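This is a predicted model, so every value here is computed, not measured.
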Amino acid sequence: MLGRRIAAAVCGLALVAPAGVFAQGRIQASDRHNRGIDAREHRQVLRIRDGREDNELTRRELDRLRADEASIRAEERAYRKSGDGLSRWERRDLQKDLTRTSREIYRAKHNNRAPK
């Protein structure tokens with residue numbers, strides 16, 4: 001008898017749990033793009049740091065990449081101040097800038113120049 005009650009409780013939770021997860025996902029869906037841009041910026045900063053630690057970047061390359069990252073962050077701050085979050089156009093512009101910087105990070109890390 002107790003086994004049936006436990007089984008019924010487990011089945012009930014199995015049916016209710018996905019609805020809760022779905023509702024939670026819907027609440028956070030509006031923040032998905034913001035987290036995507038912030039997460040991408042963070043990953044690129046880590047890639048730059050790894051390049052510095054592995055001696056794959058010269059001082060000049062490092063300074064240029066850091067300046068690019070700083071300008072993207074400044075542009076994002078300006079976009080966020082101007083209105084209610086980021087518009088589709090602003091998000092696309094930031095993603096384009098992040099893609100360009102990502103390519104620059106890759107090229108700088110793989111150009112076989114050693115720091116002096």
Side-chain angles (χ1 to χ4, degrees):
M1 190 74 156
L2 183 63
R4 286 185 180 177
R5 287 185 183 181
I6 292 174
V10 169
C11 288
L13 286 174
L15 293 173
V16 174
V21 170
F22 179 71
Q24 184 181 13
R26 293 178 101 203
I27 292 169
Q28 296 174 357
S30 63
D31 295 334
R32 183 179 313 144
H33 295 291
N34 297 343
R35 282 193 321 241
I37 289 173
D38 293 339
R40 190 168 177 191
E41 288 174 343
H42 180 71
R43 285 191 306 270
Q44 288 188 181
V45 167
L46 294 178
R47 289 174 58 206
I48 293 169
R49 186 180 304 151
D50 288 342
R52 181 193 67 207
E53 291 171 357
D54 296 341
N55 288 327
E56 295 173 328
L57 298 173
T58 64
R59 185 48 145 172
R60 185 181 218 174
E61 292 168 337
L62 185 62
D63 290 342
R64 188 184 76 240
L65 292 172
R66 285 181 175 164
D68 288 347
E69 288 292 317
S71 70
I72 292 171
R73 284 191 305 274
E75 186 175 21
E76 182 183 5
R77 276 193 305 274
Y79 285 157
R80 289 188 189 278
K81 271 185 170 180
S82 68
D84 210 19
L86 295 173
S87 69
R88 180 178 288 171
W89 182 87
E90 292 167 340
R91 205 174 299 114
R92 281 185 192 156
D93 184 49
L94 288 172
Q95 290 290 359
K96 181 186 69 151
D97 294 343
L98 287 166
T99 299
R100 188 192 77 243
T101 303
S102 179
R103 287 184 189 134
E104 290 175 3
I105 293 169
Y106 179 85
R107 288 179 186 140
K109 286 177 70 172
H110 294 88
N111 63 7
N112 295 326
R113 291 188 186 142
K116 295 179 182 177

Please report the closest heavy-atom contact between [X] and [Y], naming both atoms and the distance.
| X | Y | answer |
| --- | --- | --- |
| Leu98 | Gln44 | O-OE1, 2.9 Å |
| Glu61 | Asn111 | OE2-ND2, 2.5 Å |
| Glu90 | Gly85 | OE1-O, 3.8 Å |

Q.
Do Leu46 and Ile105 land in one hydrophobic cluster if side-chain heavy atoms of ILVMFWY residues count as linked below 4.5 Å?
A.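 The answer is no; the residues belong to distinct hydrophobic clusters.
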
Q) Should Tyr79 and Ile37 be counted in the same cluster of Ile, Leu, Val, Met, Phe, Trp and Tyr side chains packed under 4.5 Å apart? A)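 Yes, same cluster.
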
Nearest 0.5 Å, please: how far is [atom2] in [Y] from [atom1] in [X]?
| X | Y | atom1 | atom2 | result |
| --- | --- | --- | --- | --- |
| Leu94 | Arg40 | CG | CZ | 10.0 Å |
| Glu75 | Ile72 | CD | CD1 | 7.5 Å |
| Arg107 | Arg113 | CZ | CZ | 12.5 Å |

Q) Got a donor-acceptor contact below 3.5 angstrom from the Arg66 side chain to the Ile48 backbone? A)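 Checking the backbone N and O of Ile48 against the side chain of Arg66, no donor-acceptor pair under 3.5 Å is found.
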
Q: Would you confirm whether Asp54, through its side chain, and Glu56, through its main-chain N or O, come within 3.5 Å as a donor-acceptor pair?
A: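 Answer holds: no.
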
(Q) Quick test of your reading: applying ring-ring contact (aromatic ring centres under 6.0 Å, His included), list the pairs with at least one residue in residues 90-114, sequence neighbours left out, ordered by first then second residue. (A)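 Residue pairs passing ring-ring contact (aromatic ring centres under 6.0 Å, His included), neighbours aside: Tyr106-His110.
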
Q | Worked verdict on Arg92 versus Gln95 for side chain to side chain contact (heavy atoms under 4.5 Å, CB included) | A | CA-CA 5 Å; Arg92 281 185 192 156; Gln95 290 290 359; 5.7 Å; no

(Q) Just so I know, are the side chains of Glu41 and Val45 near enough to count as touching, which here means a heavy-atom distance under 4.5 Å? (A)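 Glu41 does not reach Val45 side chain to side chain.
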
**Q.** side chain to side chain contact (heavy atoms under 4.5 Å, CB included) assessment of Arg103 paired with Thr99
**A.** CA-CA 6 Å; Arg103 287 184 189 134; Thr99 299; 3.7 Å; yes

(Q) I'd like to know whether Arg64 forms a side-chain hydrogen bond (donor to acceptor under 3.5 Å, both in side chains) with Thr58, so could you lay out the CA-CA distance, the side-chain angles of the two residues, the decisive distance to 0.1 Å, and finally the verdict. (A) CA-CA 10 Å; Arg64 188 184 76 240; Thr58 64; over 6 Å; no

Q. Does the pair Asp50/Arg47 count as a salt bridge with the N-to-O cut at 4.0 Å?
A.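 Salt bridge: no.
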
Q.
Under a 4.0 Å threshold between the charged nitrogen and the carboxylate oxygen, would Asp97 count as salt-bridged to Arg100?
A.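 Salt bridge flag = yes for Asp97 with Arg100.
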
**Q.** Working for side chain to side chain contact (heavy atoms under 4.5 Å, CB included), residues Asp38 and Glu76
**A.** CA-CA 10 Å; Asp38 293 339; Glu76 182 183 5; 3.1 Å; yes

